[in-house]
K.L.:
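First the structure, then my questions, so here it is.
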Amino acid sequence: MKEIELRNRKNGMLVLILVIAAYILALAAVIIGGQKMDEGGSPVLFALGMLILCFGWIVIPGLKVLKPQEALVLTLFGKYVGTLKGEGFYFVNPFCSAVNPAAKTKLSQSGDVSTIQTIVDATKSGVKTTGEEQNKKLSLKIMTLSNNRQKINDCLGNPVEIGIAVTWRITDTAKAVFNVDNYKEYLSLQCDAALRNVVRLYPYDVAPNIDTTGDGVADDGSLRGSSEIVASRIRDEIQTRVDEAGIEIIEARITYLAYAPEIAAVMLQRQQASAIIDARKMIVDGAVGMVEMALDRLNEKGTVVLDEERKAAMVSNLLVVLCGNHDAQPVVNSGSLY
């Protein structure tokens, strides 16, 4: 299905003026024609006026008003005849009907915000909601879809919860209306499927011997550290799935990422242990460097001459002081060094 844009149809104001003028003339014709024959009455004029008054309203449904970034997909007796785009006052075949299968579909997105009236039912202790009836116009604006968070296993089998926000818009109204049953639901389902396919290729955090690019070489890709790359792959994956629906995916962003509750505590302990090990390693490396520097300085200046046993004791004491969690308690030797 290829989109057909209807052009040169912005003559709604002219048609409206003609309809109003025709009704005024028809009313005058009924009044004049309904008079007696000797007073200038005419049955033909009366009948013509009544005919216009009775059937002139048929033209009114052909008047269409569109605001900026709106479109109207029209069919005539089931056949697609074209799409009206852009703001203006249009006139089309009054027997044309607008089609929008997703008019009443509500998703968690910017374009589906409407005024809701809440009514409390005291007898059932429940809440009923009624909203304004949706029209058949398609919005061509850029909209943001925020699907519910999903629980997905990463490439290591760890369950993670992830949510994304997808920025999209309609580029082909005919495909959006006729190629899929409901383009909003279709987009939502394809976002979920694409997200699941991409997330399962990555670990939550950097892990050894994991190939996330598919080139056979292990890399450092992860959901937490490579969010921009992951988001780009999700966008491309969704775009390939919604091309047939006439939808363009502008951007996809990760809005929420965390371990699932059942393993969050364990993974937190693992991260804490890893952080402690890295910190201890840095402390030990620094302490060894400081001990080496102290021994070299003492040897260069000849301040104290130490044998191997005293050097070992000095190294042990310095490492205890530098690597300990608490302040060292000094011990003063009042006797001889040896």
Side-chain angles (χ1 to χ4, degrees), residues 1-35 40-106 111-117 129-141 143 169-184 246:
M1 182 68 67
K2 187 177 180 180
E3 181 183 85
I4 302 173
E5 184 175 354
L6 299 177
R7 301 178 182 274
N8 301 324
R9 300 297 178 95
K10 292 185 180 182
N11 48 8
M13 184 58 68
L14 176 61
V15 174
L16 180 60
I17 294 174
L18 293 178
V19 170
I20 295 174
Y23 264 91
I24 294 174
L25 294 177
L27 183 60
V30 170
I31 296 174
I32 296 174
Q35 296 178 355
S42 173
V44 177
L45 189 61
F46 178 81
L48 182 61
M50 289 298 298
L51 187 65
I52 295 176
L53 290 176
C54 293
F55 297 101
W57 61 268
I58 295 178
V59 181
I60 303 300
L63 299 174
K64 309 292 182 182
V65 178
L66 293 181
K67 294 180 289 186
Q69 294 297 318
E70 284 186 345
L72 204 61
V73 178
L74 301 175
T75 59
L76 181 61
F77 304 121
K79 181 181 178 181
Y80 172 62
V81 295
T83 301
L84 296 177
K85 280 186 175 182
E87 70 277 11
F89 194 11
Y90 296 87
F91 175 74
V92 296
N93 190 325
F95 293 101
C96 287
S97 58
V99 181
N100 184 6
K104 298 182 180 180
T105 302
K106 289 292 183 181
D112 282 335
V113 178
S114 62
T115 303
I116 301 296
Q117 179 185 3
T129 58
T130 59
E132 297 178 356
E133 185 179 357
Q134 296 293 320
N135 55 33
K136 298 296 183 178
K137 298 174 183 177
L138 277 72
S139 176
L140 303 181
K141 301 174 183 178
M143 292 179 285
R169 65 183 173 188
I170 297 176
T171 56
D172 192 308
T173 57
K175 288 183 178 181
V177 172
F178 299 112
N179 282 9
V180 293
D181 184 57
N182 187 317
Y183 65 88
K184 289 183 180 179

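The residues of the chain are indexed from 1 along the displayed sequence. Only a predicted model underlies this, so the values are computations on that prediction, with no experimental measurement involved.
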K.L.:
Looking at every heavy atom in both Leu72 and Ala98, which two are closest together, and how far apart are they?
P.N.:
CD1-CB, 3.8 Å
K.L.:
Check Asp181 against Pro101 and note the closest heavy-atom contact, atom names and distance.
P.N.:
O-CB, 3.2 Å
K.L.:
Roughly how far apart are Ile170 CD1 and Gln69 CD, rounded to 0.5 Å?
P.N.:
11.0 Å
K.L.:
In Å, rounded to the nearest 0.5 Å, how long is the span from NZ of Lys137 to NZ of Lys67?
P.N.:
6.0 Å
K.L.:
Restricting to pairs with a member in residues 86-103, which pass side-chain hydrogen bond (donor to acceptor under 3.5 Å, both in side chains), not counting sequence neighbours?
P.N.:
Thr75-Ser97
K.L.:
Would you sort out whether Phe91 and Val59 count as a side chain to side chain contact (heavy atoms under 4.5 Å, CB included), showing the intermediate values?
P.N.:
CA-CA 9 Å; Phe91 175 74; Val59 181; 3.4 Å; yes
K.L.:
Using 0.5 Å steps for rounding, measure from the CG atom of Leu27 to the CE atom of Met50.
P.N.:
10.0 Å
K.L.:
Mind jotting down which residue pairs meet the ring pair (Phe, Tyr, Trp, His ring centres under 6.0 Å) criterion with at least one end in residues 53-74? Sequence neighbours excluded, please.
P.N.:
none
K.L.:
What is the minimum heavy-atom distance between Cys96 and Val81, and which atoms define it?
P.N.:
SG-CG2, 4.1 Å
K.L.:
Using modelled atom types only, decide if a donor and an acceptor are shared between the side chain of Asp172 and the backbone of Lys175 within a distance under 3.5 Å.
P.N.:
yes
K.L.:
Looking at side-chain heavy atoms only, is the closest gap between Lys85 and Glu3 below 4.5 Å?
P.N.:
yes
K.L.:
If you round to the nearest 0.5 Å, how far is CG of Leu66 from CZ of Arg9?
P.N.:
13.0 Å
K.L.:
Could you point out which residue of Leu76, Leu63, Leu84 forms a side-chain contact (heavy atoms from CB on, under 4.5 Å) with Val92?
P.N.:
Leu84
K.L.:
Do Val15 and Phe89 have side chains that get closer than 4.5 Å, going by heavy atoms?
P.N.:
no
K.L.:
As an exercise, state the distance from CG of Leu16 to CG of Asn11, rounded to the nearest 0.5 Å.
P.N.:
11.5 Å
K.L.:
Taking atom OG1 of Thr83 and atom CG of Leu138, what is their separation to the nearest 0.5 Å?
P.N.:
8.0 Å
K.L.:
Compare every heavy atom of Arg169 with every heavy atom of Leu140, then report the nearest pair and how far apart it is.
P.N.:
O-CB, 4.2 Å
K.L.:
Could you report the tightest heavy-atom contact between Ala71 and Thr173, atom names first, then the distance?
P.N.:
CB-CG2, 4.0 Å
K.L.:
So, Thr171 side chain and Gly246 main chain: donor-acceptor pair closer than 3.5 Å or not?
P.N.:
yes
K.L.:
What are the two closest heavy atoms between Ala102 and Tyr183, and how far apart are they?
P.N.:
CB-CE2, 3.5 Å
